[in-house]
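Note that these values count all heavy atoms, side chains included, but never hydrogens, waters or copies made by symmetry. Order of appearance sets the numbers: ligands from 1, and atoms from 1 within every ligand.
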Amino acid sequence: MRDFLRRLPKAELHLHIEGSLEPELMFSLAERNGVSLPYASVEEVRTAYDFSDLQSFLDLYYQGMSVLRTAEDFHDLAMDYFRRARAEGVVHVEMHFDPQAHLARGVGLPVIMEGLNLARRHAERELSLSSALIMAFLRDRPAEEAMSVLETAAPYWEMLDAVGLDSAEQGNPPAKFIEVYERARRLGIPRVAHAGEEGPADYIREALDLLDVCRIDHGVRCLEDPALVSRLRDEGVVLTVCPLSNVRLKVVERLEDHPLPKLLDAGLRLTLNSDDPAYFGGGMLANFEACTDAFGWSKEVFIQLAGTAIEAAFISQERRLELRRQLAHAH
Ligand code: HPA
Ligand code: ZN
């Protein structure tokens, strides 16, 4: 089973590239840039990653990314992740990035985009790994700030595969970002949003109705609203589920308690993802392996999940056909 899960061509649709920053790279970038860290060692960093909820994680996540200053840093961050992911059998990565968290530290969009795009080209050439870019807005910051980031990103609109919405969910409903998402829609940029991770099922409904998103990130709390579950099934809305993230952020107590089997039984279209692999105890393969341990799923279930990710990915039809072919040979 483990060999099969490694070989399975996995497309990752929900990853925060800043959340792929391993403590080792954090230390080496801190040294390169003369940034001081509140940790004495790599072990101390890992010990600090004991979260009680989403906010307690976000505090360390924003602190950790303070070592990212130059285009080279963003390149090294992404390339480091792409290499690890490829070794786990990942064939495609859709990465969220958080411009506002960098702009606040004086690091501009040109620096971020130069570094990430260079890494994407290297990954394509050297690893045969395709990727997509999702520019995320921080929902706990004012909507006006998100709108200004979207306008500032004009030189890059064509490179964005989607915009997304992340950070602290409770009290920051999708409705807050109606104008920003309407602007993205008119620009022809696809839209996704985190909803129903810590926030209520109603936020999922709002993301669909008010933000016109094509996928929901997380969405696990939809089960609290049976009518919403029926709608998600009927409309074929894809949920990008992050099992180890949900355990680490105490959305569920143990993976065995995770709603994944219920979501599958309800006929929903699901994908498995790592979210913030450096913070939540592992990448794509660790998430797939944890699910086989917790739920005892057959190969067919994993093939179904991997297939949904290929169908819902922001890729060319040519690349989709290639990944379908790879999946058909994965047994
Ligand atoms: N949830 C919300 N915002 C985030 C996350 C997450 O898991 N990771 C990075 N930003
Ligand atoms: Zn996320």
Worksheet item: Taking the six-membered ring for Trp, are Tyr203 and His194 ring centroids under 6.0 Å apart?
Response: no

Worksheet item: Identify the closest protein heavy atom to atom 7 (O) of ligand 1: which residue and atom is it, and at what distance?
Response: Asp275 OD2, 2.7 Å

Worksheet item: For ligand 1, which atoms, with element, lie under 4.0 Å from some heavy atom of Leu54?
Response: 1 (N), 2 (C), 6 (C)

Worksheet entry | Heavy-atom neighbours of Gln317 CD exceed 12 at 6.0 Å | yes

Worksheet item: Would Asn273 and Leu15 count as a side-chain contact (heavy atoms from CB on, under 4.5 Å) if you check the C-alpha gap in whole Å, the side-chain angles of each, and the deciding distance to 0.1 Å?
Response: CA-CA 7 Å; Asn273 308 271; Leu15 166 86; over 6 Å; no

Worksheet entry | Under 2.8 Å: N/O/S of Cys242 next to the Zn ion (ligand 2) | no

Worksheet item: Going by heavy atoms in the side chains, are Phe97 and Met113 under 4.5 Å from each other?
Response: yes

Response to the item:
Restricting His14 to its N/O/S atoms, the closest one to the Zn ion (ligand 2) is NE2

Practice prompt. Test side-chain contact (heavy atoms from CB on, under 4.5 Å) on Leu150 and Val180 and set out the steps.
Written response: CA-CA 8 Å; Leu150 182 55; Val180 180; 4.2 Å; yes

Practice prompt. Could you confirm whether Asp275 has any N/O/S atom lying under 2.8 Å from the Zn ion (ligand 2)?
Written response: yes

Worksheet item: Any side-chain heavy-atom pair from Tyr61 and Leu21 closer than 4.5 angstrom?
Response: no

Worksheet item: What protein heavy atom is closest to atom 8 (N) of ligand 1, reported as residue, atom name and distance in Å?
Response: Asp276 OD2, 2.7 Å

Discussion item. Considering non-hydrogen atoms of the protein only, which is the closest contact for atom 1 (N) of ligand 1, and what is the distance?
Written reply: Glu197 OE1, 2.9 Å

Worksheet item: Of all the non-hydrogen atoms in the protein, which one sits nearest to atom 3 (N) of ligand 1, and at what distance?
Response: Ser167 N, 2.8 Å

Discussion item. Taking the ring of Tyr49 and the ring of Phe57, is the distance between their centroids below 6.0 Å?
Written reply: no

Worksheet item: Quick check: are there more than 12 heavy atoms from other residues, nucleotides or ligands sitting under 6.0 Å from CD of Glu253?
Response: no

Discussion item. Can you name the atoms of ligand 1, numbered from 1 with element, that are less than 4.0 Å from a heavy atom of Phe57?
Written reply: 5 (C), 8 (N), 9 (C)

Worksheet item: Do any of the N/O/S atoms of His96, backbone or side chain, fall under 2.8 Å from the Zn ion (ligand 2)?
Response: no

Discussion item. Heavy-atom distances under 4.0 Å decide this one: backbone, side chain, both or neither, for His218 against ligand 1?
Written reply: side chain

Worksheet item: Where on His194 is there a heavy atom closer than 4.0 Å to ligand 1, on the side chain, on the backbone, on both, or on neither?
Response: side chain

Discussion item. Report the atom name of the nearest N/O/S atom of His16 relative to the Zn ion (ligand 2).
Written reply: NE2

Worksheet item: Do the side chains of Phe314 and Trp157 join up, straight or via other hydrophobic residues, at under 4.5 Å, putting them in one cluster?
Response: no

